[in-house]
Structure formats: C-alpha cells, structure tokens
Amino acid sequence: MHTQLILFESSIFPSVGATSEALFLVDAETIVQYIEISKKFRFFTLGINEMDTKRLDLNLLATLEVLIEEKNVTKAASRLHLSQPAVSAQLSRLRDLFNDQLLIPARHGMIPTAKALELSSPLRLAMDQVRDTLTTHQSFDPLQANLTVMIACTDYLQSVIGLSMIKALRQQAPGVKIGLRALEPIRLESQMANGEVDLALMTPEAAPSALRCKHLYDETYVLIGRQDHPHLAEGMTIDDYVRLEHIVLSLNEGSFLTPIDQALKTLGYTREVALSAASFLIVPEIVSQSDLVALVPKRLVEGRTNLTVVSSPITSAGFSVGMVWHERNHGHSAHRWVRETISHMMALKK
C-alpha cells in the first residue's frame with residue numbers, strides 16, 4: 001500500500017471547531033487502519049483495499065456518508081456546505097471508485113443500493129473514529145465550543161431538569177445548541193447509531209442493553225390532591241387510598257390499568273380510575289381544580305402551593321433516572337463534557 005497524505009475540509013467535521021477554510025492532513029494508511037478496527041467493517045475494508053489508495057480522498061467518504069443519510073443531493077450539499085454540482089461530481093467519482101451506482105435516482109430523492117446499505121454502518125463508524133481522533137487530541141474549551149446536542153427525554157424530565165440542564169450547559173458553553181425531543185425507547189438505539197440522538201434521559205432499565213448508561217438520581221412518587229382536599233392526609237393507608245377517585249398516566253392509548261393497579265390487585269385491592277392522561281404535565285392542573293388524586297413524581301410538584309402533597313401509601317413506588325448514550329459518542333471530548341456537566345448538576349441537586 002502506498003502512503004498518501006489526504007486533504008479534507010474541517011467543515012466536514014464541525015465538532016473540531018476549526019473554520020471551514022482550514023485543511024487537515026491525514027495519512028491514508030492511518031485512515032484505512034481506522035476502517036479496519038473491527039471485523040464488523042470487513043465488507044467496507046475489502047472495498048477500500050481493492051481500490052488504488054492514491055485515489056482515496058476522505059472528502060469523498062464524508063460525502064458518501066451524508067448522501068446515504070440524506071438520500072438527496074441538494075440536502076447533502078447543504079449539510080456539506082458545497083454546491084449541488086460539486087456533490088454530484090463527487091457522487092460520480094464514488095460510483096467509479098466502488099464500481100456501483102450507490103444511490104439510484106427515484107421519484108422523491110434517491111434510493112441506496114445494496115452495496116451502499118452495506119457500507120453505511122461501517123463507513124459511519126470509521127468516520128466517527130477519524131472525527132473522535134481529531135477532537136480527542138484537542139483540549140475542549142466550552143467557551144469556544146460550537147456544538148449541537150440532541151437529547152431525548154420524556155415531558156416529565158423536560159419539565160423537571162430541562163431548564164436547569166440548559167442553564168448549566170449554556171452558562172459554560174454559550175455556543176452550544178440543545179435540541180430536546182420526545183423519547184422513543186423502541187427506536188432509541190438506531191437513532192443514536194445514526195446520530196439523530198446524542199443523549200437520552202430515561203429509566204435505565206428501559207434502555208437497550210447495547211447502550212452505555214450512568215445513574216443520575218432516584219425518584220419517588222407522591223400522592224397529590226387539591227389544596228384542602230378533605231380526604232387527603234399524611235399517613236394514609238391503602239384502604240384510604242383506594243376509596244378516592246384517581247388520575248393515571250398511560251402511554252398505551254388511554255389504558256386505565258397501570259403497574260400500580262397490578263400491584264394493588266396482588267394485595268386484593270382495586271381503585272376507581274376516573275381519567276387516563278397521556279402526560280404527567282397536565283395532571284397537577286386537573287387535580288388542583290377537582291377532587292381527583294394522582295400519584296406523580298415528587299420533583300414534578302416541588303414548590304407547588306395549590307396542591308396537597310402526601311407520601312404514597314404504596315411504599316415501593318418509584319423509579320430511577322439515568323443518562324444513556326451510544327458508543328460512538330463515548331470518547332468524544334465535547335459529548336463527554338456534556339455528560340459530566342449534567343452529572344455534576346444532578347449531584348448538586350440531590
């Protein structure tokens with residue numbers, strides 16, 4: 001294999017923090033070594049090794065990565081800060097290099113070929129290795145950081161720690177952009193693998209086993225009712241509890257049965273559920289203006305003066321909250337700083 005220095009634009013790797021005009025020099029053999037870091041990359045490695053490495057240009061691989069993700073030349077050009085003709089020309093070179101169409105024009109955008117789909121995962125991971133290498137060896141400066149972080153969490157967590165988290169991150173890194181999106185546990189692993197989500201705040205037990213996790217805090221449920229509720233008092237028994245009318249949270253299309261009802265059933269109790277809500281956030285408002293009661297996370301109602309709040313008569317009720325992330329972001333200095341900042345913030349709130 002011939003050694004060749006490859007020029008590539010830093011705009012392809014915005015997390016590095018250099019200007020788009022700056023160029024880096026990378027040894028071709030080093031890049032191939034990154035690509036060969038796992039047997040999972042065997043297909044991609046064979047494709048690269050069969051090429052003349054004198055023609056290997058990291059700009060092309062970065063373009064291929066974005067084209068496969070966007071499936072549209074115009075959108076890819078926008079992400080890469082290139083003109084559409086320039087991206088089309090690079091796609092033509094890629095087709096020649098891989099001896100495959102890679103992306104086929106369709107009615108709406110483009111369709112990846114079988115080879116492009118096989119290349120997608122190992123290519124992304126290989127490019128991540130290059131990006132991580134560039135950022136890991138730089139000292140991360142929050143004040144100079146230009147970073148977008150996509151965080152998935154429930155509405156409860158957005159309400160409880162969202163503001164504190166945003167303040168903690170932006171006070172130290174004013175250039176950071178934070179995207180909050182709904183948590184989709186079933187899709188989370190693929191979203192993180194594709195770079196759609198960088199970090200998730202969730203119950204660790206519900207996280208896919210392939211993802212990394214760190215415990216943040218333990219949450220308990222409390223029983224809430226309107227101010228001066230006649231039947232709500234500290235030290236309530238389960239008998240007192242089941243006589244009341246309840247609001248429950250259900251993410252399962254308005255179901256009136258929850259794990260709490262299953263726990264009550266094992267003890268020989270049932271309760272009257274008057275309302276099934278899809279979000280915790282609306283529950284305190286409904287409770288404050290009715291005789292209904294509800295079990296909600298304690299942090300959700302801290303500081304509320306228009307509610308009666310008592311301990312849950314079901315002593316085992318509670319859950320834990322953690323941070324979840326993908327291996328692709330584990331060694332990234334900026335993302336590591338984000339995780340450490342959130343962890344430190346939550347430690348101070350305990």
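Just so you know, residue 1 is the first one in the sequence shown, and it goes up from there.
- For CG of Asn99, the number of neighbouring non-hydrogen atoms (other residues, nucleotides, ligands) closer than 6.0 Å is 12 at most.
- Under a cut-off of 6.0 angstrom, the local environment of CD1 in Ile282 is sparse, with at most 12 non-hydrogen atoms contributed by other residues, nucleotides or ligands.
- Ring pair Phe280/Tyr156 is perpendicular by interplanar angle, where above 60° counts as perpendicular and below 30° as parallel.
- If you chain together hydrophobic residues whose side chains sit under 4.5 Å apart, Val149 and Met202 never meet in one group.
- For Ser120, there are no side-chain hydrogen bond (donor to acceptor under 3.5 Å, both in side chains) partners at least two apart in sequence or on another chain.
- Between Arg181 and Met150, the closest heavy-atom pair is CD-CE, 4.1 Å.
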**Q.** Audit row: Met323, Met346, side-chain contact (heavy atoms from CB on, under 4.5 Å) steps and yes/no
**A.** CA-CA 11 Å; Met323 284 188 300; Met346 293 310 304; over 6 Å; no
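- Under the 4.5 Å side-chain heavy-atom criterion for grouping Ile, Leu, Val, Met, Phe, Trp and Tyr, Val176 is connected to Ile161 within one hydrophobic cluster.
- A salt bridge does not link Glu340 to Lys214: none of the charged side-chain nitrogens sits closer than 4.0 Å to a carboxylate oxygen.
- One finds no salt bridge joining Glu219 and Lys298 here, because no Lys/Arg side-chain nitrogen approaches an Asp/Glu carboxylate oxygen to under 4.0 Å.
- Using modelled atom types, one finds no donor on one side chain facing an acceptor on the other under 3.5 Å when comparing Ser288 with Gln227.
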Q) Under the side-chain contact (heavy atoms from CB on, under 4.5 Å) criterion, do Arg95 and Ser92 qualify, and how do the steps go? A) CA-CA 5 Å; Arg95 286 168 170 165; Ser92 177; 5.6 Å; no
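- The shortest side-chain heavy-atom distance between Pro204 and Val324 does not fall under the 4.5 Å cut-off.
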